[in-house]
Each structure stands twice: as C-alpha cells, then as structure tokens.
Asker: 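Here it is, the structure in full.
One-based numbering, in listed order, for ligands and for the atoms of each. Counting from 1, the numbers follow the sequence of the chain as shown.
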Amino acid sequence: MASNSYSKLSLAFFCFSWLFALGMGQPFQAVNLGAWLVAEGWMNPSLFANIPNKDLLDGTQVQLKSPKLNMYLAAENGGGTVLIANRPSASGWETFRLWRINESSFKLRVFNKEFVGLENQGKGSNVVAVSNAADAAEVFQIVRKPDDPNRVRLKASNGLFLQAATASSVTADYGGNSDWGDQNPSVFTMQIVRTLQGEYQVTNGYGPEKAPQIMRNHWSTYITEDDFRFMSENGINAVRIPVGWWIKYDPTPPKPFVGGSLQALDNAFIWAQNHNIKVIVDLHAVPGSQNGNDHSATRDGFQEWGEPNIAETVSVIDFLAQRYADHPSLVAIELMNEPLAPGVTHNTLSKFYQAGYNAVRKYTSTAYVILSNRLGPASNKEFLRLARGLSRVVIDVHYYSLYSSDFEKLNVQQNIDLINNQRASQLQEVTPSNGPLSFVGEWTAEWGVKNAGMGDYQRFAKAQIDIYGKATFGWAYWSYKNVNHHWSLRWMISNNYIKL
Ligand SMILES: *[C@@H]1O[C@H](CO)[C@@H](O)[C@H](O)[C@H]1NC(C)=O
C-alpha cells in the first residue's frame, strides 16, 4: 500500500518534472567550452608554446638506457628497494614519471609510486626508490647534451652524477669525466614515452612568476562574449563549462594553480544570460584525479581520487552551487566528469554522488544534478537506481567513435550505422520513461575514417544529432574551439559542416 501510493506520487512527480523540464529548453543543443578553464594542450598547443624545456613537463614518462651497458634502468620490483640497470627492454618498472621542480630539476616517480633518491635520506650514495615523501634527497637535475637533448646525465642532491657502473649497481657518486661518450657510465639516453598537457603542466611549467599572467590572458581571450553571441545565433542554447577543483580556492588556489578562473566563470554566466543560453557547470578535474587524463589536471597520470577525497570534492560542489544557485542561467551542475572504472569504484562514487546531490539541493530544488557514467568496464545502467531515488537528475554518457582500434576498421556507412543502431539502443538504455533524464555530454564529428570528404562528415554529424537529439536532457558537442577543426563546433558551423 505504502509503496503503491509512493509510486503514484512519484509518477505524478515525474510527469510534473517532465513538463517543467520541457519548459526550460530541453532537450538542449549544447557545446562544451573545453580547454578554457581546464587546459588541454592537444586542443590549444599555443598556450604551452613558451614553456622552457616544454617536453619535460609534470607527468612526462621517461625511460633511461645506459649506452655503456646497453641496458635500461629499472626500479627493482617496481619500487620499494634499489635501482638497477639490467633490463634489455623497457616497460612499467623501467618507466619514470617526472615531477617538475623547475625547468631543470625533477623528482622521478616509479611504478609503485615511490620517488628515486639516495639511501639514508640522502647520506648514502646507493640510488633507491623508497621514499613516498620526496624532499631534497629526491631531486635530480637533468643535464641535457646541448646538441642531443635526449642524451642526459642526472645530477643528484649530493652534487655528484648518477652512474650505472655495473648492471646491479646504480650509485650517485660519479665525479669523473663529463664527456658524452658511450663509455661514460653517467651518460644515459632518455626516451620520452608519454606526455601530459593539462592545467597542472601548464601552470607548473611556466612557474609561479609567469603562470598567473599567462593563464589570465588565456581566460580573457579564449572565450569572450562574442562567442556566446555566435552560439545563440547558430542554434546553441546551453554550454557545458568544465572547471577544476581549485576554483573553490580562488583567488589563491594551492600551487601551481593560479587564481582567476572564477572571474571567468562569473563572466560566462553574465554572457549566457545576455544571449539566452543556459549554463551547465561541470566539475571536470577533482583532487587526486579521477581518471589520470590530462583534463583531470593530474600531476603525473596516476588516478588517485577516492574515499579520502570525497569531503573536499563535495565542498567544491557546495561552493559552486551556493554561488550560482539563484542565477537565472544555471541549469545544471555535473558532479564529476568521466570517473574511470575500476579505479573509481561504484561504491565510492555512489557515496560521492549522493553527498554532492545533497550539497546542490541545499541551495536549489530546480537545478539539475548530472551524474556521469564511469568510463572503462562499467554498466551504463549502474546509476539508474541511485538516480531514481533523487529528483531532477541526469545521466551523462560520452560517445566517441574513437579511442579503440575497432572504430578504425569502419568505413563511412558502417560508422553511421553504428550511431543509428548501437548508440541509439545504448542511449535508450539510459533514457528510462520513469527515471532520470539522459545527456550525451560529449561527442564529436571526428572519427577514424581517413581522408573523409566534407559530405561524409556532414552525414556523420547529422546522424549523431538525430540520434542524440533523443536524449531527454540533450547533448553537448566536444568542443567549441579546437585547433583540430573537426573537433571545433565553431569551425564546423562556420564552414557549413554542421547546421542546427
Ligand atoms: C631548480 O631547483 C633546484 C632545486 O631546488 C635549485 O637548486 C636550482 O637552482 C633551480 N634552478 C633554477 C633554474 O631555478
């Protein structure tokens, strides 16, 4: 009886919220303001162009080979003990992640997350990877050969160079000849195997003297009111704005982040109101990183967001909700972009989603709360149950026909068929008639087809707009601006690839 009247009540409620929802402009045709308040170098390389030693940013993964031994350096067991130089090939244990101190000094983090340093807190000369703290004994200067920057020597905190005298002995006690020859045991060839270009990299790369000016200039020029005018004239009625957790601490966020992104977000709300556009605030980067990607503002690519970070992350949502709840342009707050399974567990994320939802509801009963599905091995329906118990909730799914070799094999028609069939039915699964709304919060017209013509792109974009138009909350293109033209909705509209 009780559950029956509850379900009637909730049915009435959902009908009511559906009607109300229709009144707010759903389904939205939105665009992401990516690479604006959370930097992404692949979309906007010019922001990174003037960083000194810009190939050695935070999170750069390097492998070091001794030409004398013809062997790679490795953290034995992946970390927790000594370094050795006995590996003929390189993978995880032979890879070191840089933490940049300045343009020439670095910490090196190993597979098991310890930092390379000298034994006995820097008093010994054996090179080990045992410290989780990383202080002065874990700092190395990377000295590059002037005419061959991937030939390096590493100067340790004791002023001496690291050497691989034998395969089982890596020590920081070389004070000999500084030639660059193959026989010098302190010479290594350095291969860069992964780089990151996010907010951490750009701010720490420029450093505390230069970063504030460079970032503020970026924020005030990359997106302006003119862009909102362009959007409203071209059929866009909402923006999804990625922001980072440090925005809560504006104007003095923890280093290396710099203040000023809050002012830019305030401006966006004003411009949105002027041009009749709704705003979705999207917490894109959370403390510790929820996915290890550049756009999570990770320092080194490790995914470390978890239970201990929930309280601080909720406080960021609380801050954003309090600030914008009464703004007429606010339509939704997205609690976390692209958490990655299995590192972010369903259990921990559910706790966070419930607490983040409660934080938003302290200030507004009308703003939507968006829950992002997890990337990786996770069911697309895993948050439907949680969402059904909450009001005005949206499930966000991201659909890219990229990032898997499966897509590269598809021709034009197969790509379009995949949208019309597989994507359509996936979307239907997260669009229950009596549950949360659905949102394709990221998609793009770029794909794996080589040498596609303009007509191919037009058909592919049109197919997606038709299918994603069935999402009950709407969709958002990734992104508004991007040096890679097909990823730029502004470019696609201006060049007649997409018409809304
Ligand atoms: C970089 O940092 C190291 C270690 O703190 C310091 O000794 C060095 O002088 C700094 N170099 C530059 C170029 O600032």
Asker: Name the closest protein heavy atom to atom 13 (C) of ligand 1, giving the residue it belongs to and the distance to 0.1 Å.
Answerer: S104 OG, 4.2 Å
Asker: Kindly determine whether R194 and D300 satisfy salt bridge (charged side-chain N to carboxylate O under 4.0 Å, His left out), including the steps that lead there.
Answerer: CA-CA 10 Å; R194 187 187 170 190; D300 60 17; over 6 Å; no
Asker: Between V139, N102, N53, which one has a non-hydrogen atom sitting closest to atom 2 (O) of ligand 1?
Answerer: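 Nearest option to atom 2 (O) of ligand 1, by heavy atoms: N102.
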Asker: Is the backbone N or O of S479 less than 3.5 Å from a side-chain atom of N482, with the two atoms forming a donor-acceptor pair by type?
Answerer: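 No, the answer is negative, given that no donor and acceptor are paired below the 3.5 Å cut-off.
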Asker: Please determine, by modelled atom types, if R153 and S186 share a side-chain donor-acceptor pair under 3.5 angstrom.
Answerer: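 A pair is found: one side chain offers a donor N or O, the other an acceptor, under 3.5 Å apart.
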Asker: Does NZ or CZ of R87 lie under 6.0 Å from the centre of the six-membered ring of Y72, at an angle within 45° of the ring axis?
Answerer: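 Checked: cation-pi criterion not met.
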Asker: Looking only at protein heavy atoms, identify the closest one to atom 5 (O) of ligand 1 and say how far it is in Å.
Answerer: I101 CG2, 4.2 Å
Asker: Starting from atom 4 (C) of ligand 1, find the nearest protein heavy-atom neighbour and note its residue, name and distance.
Answerer: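 Protein heavy atom with the smallest distance to atom 4 (C) of ligand 1: S105 OG, 4.1 Å.
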Asker: Scan the protein's non-hydrogen atoms and note whether one is under 4.0 Å from atom 7 (O) of ligand 1.
Answerer: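 It does not: no protein heavy atom is found less than 4.0 Å away from atom 7 (O) of ligand 1.
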Asker: State plainly whether the residues R240 and E442 are in salt-bridge range, i.e. N to O under 4.0 Å.
Answerer: yes
